[in-house]
J.: 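Could you have a look at this structure, given as structure tokens, before my questions?
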Amino acid sequence: MDDGEERQLKDAMAALREAEDDVARALRAYLAPDPVTGRPVHGRIGRAAHLTGWGEQRVKEIANPALAERRRAKRADS
């Protein structure tokens with residue numbers, strides 16, 4: 001791999017990370033609890049998983065970072 005290809009790969013990875021951050025922000029807004037009831041809007045996690053192709057667990061962890069931390073801590077304890 002020459003320097004040009006390596007630089008292109010690094011640029012692509014930076015763009016991918018930025019795009020994933022944009023998707024994460026959109027998911028958090030899409031999955032925000034209803035302001036009146038405080039409950040999540042029914043069916044949105046599955047729909048978001050379908051739209052992103054990421055799977056429900058990843059979508060849940062993106063929308064709720066504390067959930068991801070609890071799961072990591074639980075795995076570390078095991």
Side-chain angles (χ1 to χ4, degrees):
M1 181 180 274
D2 67 3
D3 289 339
E5 290 173 329
E6 190 172 320
R7 181 67 191 152
Q8 186 179 10
L9 181 59
K10 285 180 181 179
D11 291 345
M13 287 304 299
L16 179 60
R17 282 189 204 98
E18 187 175 320
E20 283 186 342
D21 289 345
D22 291 345
V23 171
R25 279 191 295 280
L27 277 174
R28 286 186 194 104
Y30 183 69
L31 297 173
D34 182 277
V36 175
T37 64
R39 298 177 60 190
V41 179
H42 178 72
R44 288 216 170 163
I45 289 174
R47 180 71 178 142
H50 177 74
L51 289 170
T52 61
W54 281 355
E56 288 187 13
Q57 191 59 47
R58 184 173 180 191
V59 167
K60 288 177 190 176
E61 289 180 355
I62 296 256
N64 185 354
L67 174 65
E69 289 302 317
R70 282 195 307 265
R71 288 181 183 275
R72 280 188 206 104
K74 190 181 253 187
R75 281 192 300 260
D77 289 342
S78 297

J.: Between atom CG of Asn64 and atom CD of Glu69, what is the distance when rounded to the nearest 0.5 Å?
T.: 10.5 Å

J.: Take Lys74 and Asp77 through the test salt bridge (charged side-chain N to carboxylate O under 4.0 Å, His left out) and record every step on the way to the result.
T.: CA-CA 5 Å; Lys74 190 181 253 187; Asp77 289 342; over 6 Å; no

J.: Please check if the number of heavy atoms outside Gln8 that lie under 6.0 Å from its CD is greater than 12.
T.: no

J.: Between Lys60 and Trp54, does a side-chain contact (heavy atoms from CB on, under 4.5 Å) hold up when you go through it step by step?
T.: CA-CA 10 Å; Lys60 288 177 190 176; Trp54 281 355; over 6 Å; no

J.: Using the salt bridge (charged side-chain N to carboxylate O under 4.0 Å, His left out) definition, which of the options Arg72, Arg70, Arg71, Arg28 pairs with Glu61?
T.: Arg71

J.: To check you understand the geometry: which heavy-atom pair defines the closest contact between Ile45 and Val59, and what is its length?
T.: O-CG1, 4.2 Å

J.: Any chance you could measure Ile62, atom CD1, to Gln57, atom CD, to the nearest 0.5 Å?
T.: 11.0 Å

J.: Should Arg25 and Asp21 count as an ion pair when the cut-off is N to O under 4.0 Å?
T.: no

J.: Give the C-alpha distance, both sets of side-chain angles, the deciding distance and a yes or no for salt bridge (charged side-chain N to carboxylate O under 4.0 Å, His left out) between Asp3 and Arg7.
T.: CA-CA 6 Å; Asp3 289 339; Arg7 181 67 191 152; over 6 Å; no

J.: What's the shortest heavy-atom distance between Arg44 and Tyr30, and which atoms?
T.: NH1-O, 2.9 Å

J.: Can you give me the closest heavy-atom contact between Gly55 and Ala49, atom names plus distance?
T.: C-CB, 3.7 Å

J.: Taking atom CG of Leu27 and atom CG of Asp22, what is their separation to the nearest 0.5 Å?
T.: 11.0 Å

J.: Around atom CZ of Arg39, are there more than 12 heavy atoms of other residues, nucleotides or ligands at under 6.0 Å?
T.: no

